[in-house]
There are 2 protein chains.
Amino acid sequence: MVEPSEDTDLLFKALADPNRRKLLDLLHQHDGRTLGELCEHMDMTRQGVTQHLDVLEAANLVATVRRGREKLHFLNPVPLQEIYERWIAKFEKPRLKALTDMKRRLEKGNG
Amino acid sequence: MVEPSEDTDLLFKALADPNRRKLLDLLHQHDGRTLGELCEHMDMTRQGVTQHLDVLEAANLVATVRRGREKLHFLNPVPLQEIYERWIAKFEKPRLKALTDMKRRLEKGNG
DNA sequence: ACACAATGCAAGTAATGACTTGCCTATTAA
DNA sequence: TTAATAGGCAAGTCATTACTTGCATTGTGT
C-alpha cells in the first residue's frame, strides 16, 4: 500500500459507492432527514443504509444529531471543496483559466 | 443496487484507490510515460500497475498510445471537470457564492 | 406501565477488489 | 537470428466490502 492521507482516502472511498452518492443527493435535496426517511428512498434494509451513512460520517460528509429517538442527518459539503482543490483545480486550473480568460475577452469584445 | 450512471461510477471507483491517484499524480507531473517508467514509482508488480491503469483507462482518465513495444500513458483531466460540475459545484455553489459575496463586500468596505 | 416506533449492535455471507505468480507475445538491437 | 526488453493474458489468493438476518436498546404517546 501507498501512504495515503487517511482523510482523503476515506473521502474518495465514501464517494465510490452509488448508494452513498444517492444519500448525499437526498440530503442535498432536503437536509436534516431521519434515518427512516432516508430508508424510504433506498432499496435495501435499514442496516444497509445505516452502514452507508456511517461511512459518509467517517468521511465527514455527513453530520448527525439525535433528537429523541430519531437521528437527523446533515450534509457537510466542505470535504468536497478539499477534493476540488487537491484533485480538480490542480489538474484543471490551466484549462479552466484558459476558458475563463477567453470568456472574459469575448464578453469584453461583444459588450 | 441503484441505477448509477455507468460513467460516473467508473470514475469514482477509479479515484477510490490511493495507488491510482498516485498514478494520476505521476502523469500530472510528467505525461506520456511508459508502463515501465510508471512501475519504477509504484511499490507493486508490473501487473498490478497495469490493472490499475486499465481501471483509469476505463474511467477515461488515462489514454494510451503504443509506440513500438512501449505503451505511453496520457492524463485526461476532462472527467474530473465533470465531477466538479456534478458533485462539487452543485453542493458548494451556494456556500462559495456566499463566501465570494462576503469577500467582495469586505474589500469594498476596507478599500 | 404498555405497545409501538426509531435506531443500534453483531455475526454471517456473497461478491468485489487488489495483488501475485507463471507463462506467452511482440518489438528492438546486436 | 537470437537475446534482451516491454508489455499482455489468465488464474489464483487474500482482504475488503456490501448487504442481510436476528435480536437488543431507547424513546414516545396513551
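Just so you know, these numbers use all the heavy atoms, side chains as well, and skip hydrogens, waters and symmetry mates. A note on names: the letters A, B, ... follow the listed sequences, proteins ahead of strands, and every chain is numbered from 1. Predicted, not measured: the structure shown is a model, and the values here were computed from it.
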By side chain to side chain donor-acceptor pair (under 3.5 Å) - contacts of A:D25 (at least two apart): B:R86, B:K90

Pairing residues for A:K71 by the side chain to side chain donor-acceptor pair (under 3.5 Å) criterion, not counting sequence neighbours: none

Taking every non-hydrogen atom, the tightest pair across B:A16 and A:D9: O-OD1, 3.9 Å

First of A:K13 and A:G68 reached from the 5' end of DNA chain D, by closest nucleotide: A:K13

Residues in salt bridge (Lys or Arg N to Asp or Glu O under 4.0 Å) contact with A:E82, at least two apart in sequence or another chain: none

Test salt bridge (Lys or Arg N to Asp or Glu O under 4.0 Å) applied to B:R67 - qualifying residues, sequence neighbours left out: B:E70

Below 4.0 Å: OP1/OP2 of D:dT17 and any side-chain N or O of A:H52: no

Phosphate-side-chain proximity, B:T45 and C:dT20, N/O vs OP1/OP2 below 4.0 Å: yes

Listed partners of B:V55 passing side-chain contact (heavy atoms from CB on, under 4.5 Å), at least two apart: B:A14, B:R20

Contact pattern, 5' to 3', of nucleotides 3-9 of chain D - B, S or - by protein heavy atom under 4.0 Å: -BBSBBB

Co-members of the apolar cluster containing A:F74 [side chain, <4.5 Å]: A:V65, A:L72

Ring pair (Phe, Tyr, Trp, His ring centres under 6.0 Å) partners of B:H28, counting only residues at least two apart: A:F91

Angle of first-five versus last-five pair axes in the helix from C:dA1-D:dT30 to C:dA30-D:dT1, to 10 degrees: 30°

Rounded to whole Å, how long is the line connecting atom [atom1] of [X] with atom [atom2] of [N]?
X	N	atom1	atom2	result
A:M42	C:dA6	CE	P	19 Å
A:L15	D:dT17	CG	C1'	16 Å
B:D9	D:dT17	CG	C1'	14 Å
B:M44	C:dA18	CE	P	10 Å
B:N19	C:dA18	CG	P	9 Å
A:D54	C:dA10	CG	C1'	13 Å

Sugar-phosphate, base or nothing in reach of B:R20, heavy atoms under 4.0 Å: sugar-phosphate

Side chain of B:Q51 (C-beta onward), nearest among C:dT20, D:dC19, C:dA18: C:dT20

Reference residue A:L38; test side-chain contact (heavy atoms from CB on, under 4.5 Å); the match among A:R46, A:R33, A:K22: A:R33

